[in-house]
2 protein chains.
Amino acid sequence: MMNSLPECSVDLIFADPPYNLQLRGDLHRPDNSKVDAVDDHWDQFNSFAAYDSFTRDWLKAARRLLKPDGAIWVIGSYHNIFRVGAALQDAGYWILNDVVWRKSNPMPNFRGKRFTNAHETMIWASKAEGAKYTFNYEALKALNEGVQMRSDWVLPICNGGERLKDDNGDKAHPTQKPQSLLHRVIVGSTNPGDVVLDPFFGTGTTGAVAKMLGRDFIGIEREDAYRKVAEKRIADIRPYDNSALQVSTSKRAEPRVPFGQLVERGMLRPGEMLMNARGQMAKVRADGTLVGDGITGSIHQVGAKLEGAPSCNGWTYWHFKREGKVVPIDVLRQQIRADMQ
Amino acid sequence: MMNSLPECSVDLIFADPPYNLQLRGDLHRPDNSKVDAVDDHWDQFNSFAAYDSFTRDWLKAARRLLKPDGAIWVIGSYHNIFRVGAALQDAGYWILNDVVWRKSNPMPNFRGKRFTNAHETMIWASKAEGAKYTFNYEALKALNEGVQMRSDWVLPICNGGERLKDDNGDKAHPTQKPQSLLHRVIVGSTNPGDVVLDPFFGTGTTGAVAKMLGRDFIGIEREDAYRKVAEKRIADIRPYDNSALQVSTSKRAEPRVPFGQLVERGMLRPGEMLMNARGQMAKVRADGTLVGDGITGSIHQVGAKLEGAPSCNGWTYWHFKREGKVVPIDVLRQQIRADMQ
DNA sequence: GCGGACGTTGAATCTCAAC
DNA sequence: AGTTGAGATTCAACGTCCG
């Protein structure tokens, strides 16, 4: 299926492949109830070599489908994630982060023989070293109460009303992922209108969240039963309003304003003096360069020289006087940007 | 060196191999200061293939040294851990858990281009599928406020007084690990008298903690400078009293607070004496239990026994001495809570 | 002696458009 | 494909200094 799609056509791939759990026999809880394990035929592989071969095949197909600036997320556990990670690197992907999903309510280890398996690992990778990729830094920072999002995410597992059930009331899929996880992945690494591919679609969590968030999606799923559940589920989803999909953006995304425009527009007069926090002065020239202390150049260059620093943001470094108050020149840039809208 | 040691002779291997970081160029903080990167020659490999070859060699040598019931821990980051994990599985080791060290104070991502790299991954594996291994379940549970220890551990990075400095006041090793991490590994997967091998000894954190905890150790380190620091460091270590090394082996009531973390973090030494308001004393043990007046148990249990009361808040009941002052242990809990936010 | 201000630092694969 | 230059970008823990 993947090989029948056009190359360089998707912005994001989210993949939740079989984990190759290699479970032996049944597991019972201390109260003697039996644990409903993942023993489906699609999780059976004869050897690590067979699993590796499967992994390398789909990763190769996935990479062909990715746009040059696209990215992939893969989720797994210790059973498979090391093989997946090595295969990703070998296929030419460039790992950007590994992210730990720390489950707030994991299943305990009933026998007391190991640690509670309380997390799963996701790998986030771009198509190649040096490739561009989408990262909505400010939006994720906003999701995290104003501090930079970390590589460990604390989220509950999927249960309650979100957990899809079949006609018998049993869970429709053994490893349904929480929507909160996909929400963070999709908000963080796509923009509205982007195309998201999930090659192990299952009951369609990726598609459901993509649709809610105004992203297009492609889902591939081999099992009829899962596909039917996914189709019904996604048909019931109503996308959020367009206005709700706008997220915080970084300053980098804002239009560039040359300092010279401030002079051209008469916001600063040639000959006017700017000052830094230490009270050092520089004179504005008609072409938008500064002169101060025998140094000539852009607002950034003169600031960097004065500080002996490798670089300097002149917009926040330099100040001017208006009605007795000292104001950073960045407020003038804000005015121009407001005018431009 | 490893191949010169007798086979099947060590109980535990802790390995902190080079991560193969592949850094390009310098990185500056927003305040223009330069990040002191890990650019040491020992972390340079020409390719993934070279790193894999190195990894498979030492993992093979390590497996020969392990007793049949021994275990290995390896720590790494996304740069190398997937290759290490796959090589472990290919070499015949059997992964028991992957454990995430969630750093309470990681270095941020200064350019806002990725997630804060806030964790490292450890892999815990036995020598082969079905092999026995040591797991002090109750001791770890006691260290974790009476609930089963999870696969994610929140611990601070190594800094402050614990961080070893050279004669210039610079850090003696760029990647020194915190003792709290080794404390948990060694208490959890060895018994007193066991032999611990660290084939990438560095400045000897593994040896220091092993010695404190009454385990024997072997350290291998190529760099003279690190070895010298390690030798001096370990010579200054005083092992805890034998009685403090006894850990819980039977079920007991659950304490409501993680007193054991005070020991792991070195805020209280195993063997240190606590006192109540009447001047009665109790000794702290390595797993966070107390022993005093013939009574053993949690801080709450021992307090309750001494008072003949049905219950007791050990946090306010017990006190310790610092610089001549008697302070309730609750102040240490406050510090940890502040760290964990 | 205490508290607040300020400076330093930690395993980091850390920019990007225009020329 | 390489170079240039604008200009965007950090969190928690410690240690020191000063009032």
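Naming convention: chains lettered A, B, ... in sequence-line order (proteins, then strands); numbering from 1 in each chain.
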Residues from residues 281-304 of chain A sitting under 4.0 Å of DNA chain C, heavy atoms only? none
Looking at residues 326-337 of chain A, who's got a heavy atom less than 4.0 Å off DNA chain C? none
I need the residues from [range] with at least one non-hydrogen atom less than 4.0 Å from DNA chain D; give them sorted by number, or say none.
range                       : result
residues 105-113 of chain B : N105(B), P106(B), P108(B), N109(B), F110(B), R111(B)
residues 40-54 of chain B   : none
residues 120-143 of chain A : Y137(A), E138(A), K141(A)

K305(A) atom NZ, over 12 foreign heavy atoms within 6.0 Å: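 Incorrect, the count does not exceed 12.
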Geometric class of the [Y]/[X] ring pair [parallel <30°, tilted 30-60°, perpendicular >60°]:
X       : Y       : answer
W58(B)  : F200(B) : perpendicular
F45(B)  : Y51(B)  : perpendicular
W124(A) : F115(B) : perpendicular

Return the set of residues passing side-chain contact (heavy atoms from CB on, under 4.5 Å) with [X] (not counting sequence neighbours), or none when no residue passes.
X       : value
P30(B)  : F110(B)
A304(A) : C312(A)
C158(B) : E162(B), R163(B), Q176(B), P178(B)

May I have all residue pairs that pass side-chain hydrogen bond (donor to acceptor under 3.5 Å, both in side chains) and include part of residues 137-154 of chain A, sequence neighbours excluded?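 Applying side-chain hydrogen bond (donor to acceptor under 3.5 Å, both in side chains) to every pair that reaches into residues 137-154 of chain A, excluding sequence neighbours, yields Y137(A)-Q148(A), Q148(A)-T116(B), R150(A)-D152(A), S151(A)-H119(B), D152(A)-R102(B).
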Name all pairs fulfilling the side-chain hydrogen bond (donor to acceptor under 3.5 Å, both in side chains) condition that reach into residues 220-230 of chain B, sequence neighbours left out, sorted by first residue then second. H41(B)-E223(B), W42(B)-Y226(B), D224(B)-R227(B)
Whole-Å C1' distance, dT10(D) and dT9(C):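 It comes out at 12 Å once rounded to the nearest Å.
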Below 4.5 Å, heavy atoms only, C-beta onward: do [X] and [Y] meet side chain to side chain?
X       : Y       : result
D166(B) : V229(B) : no
V74(A)  : M122(A) : no
D293(A) : M281(A) : no

NA contact type, W94(A), heavy-atom cut-off 4.0 Å: base, sugar-phosphate, or nothing?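 Base contact.
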Counting the atoms with a prime plus P, OP1 and OP2 as sugar-phosphate, which does S250(A) contact under 4.0 Å by heavy atoms, base, sugar-phosphate, or nothing? sugar-phosphate
Is the Lys NZ or Arg CZ of R63(A) less than 6.0 Å from the centre of Y93(A)'s six-membered ring, within 45° of the axis? yes
Between which nucleotides of DNA chain C, 5' to 3', does chain A make heavy-atom contacts below 4.0 Å?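 Counting from the 5' end, contacts occupy dT13(C) to dA17(C).
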Residue whose closest nucleotide on DNA chain C lies nearer the 5' end, R252(A) versus K171(B):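 Result: K171(B).
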Roughly, in whole Å, what's the span from CH2 in W315(A) to C1' in dG5(D)?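 About 15 Å, once rounded to whole Å.
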Range-with-range stems of DNA chain D (Watson-Crick or G-U pairs under 3.5 Å, three or more in a row):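 The stems are C:2-10 with D:11-19, C:15-19 with D:2-6.
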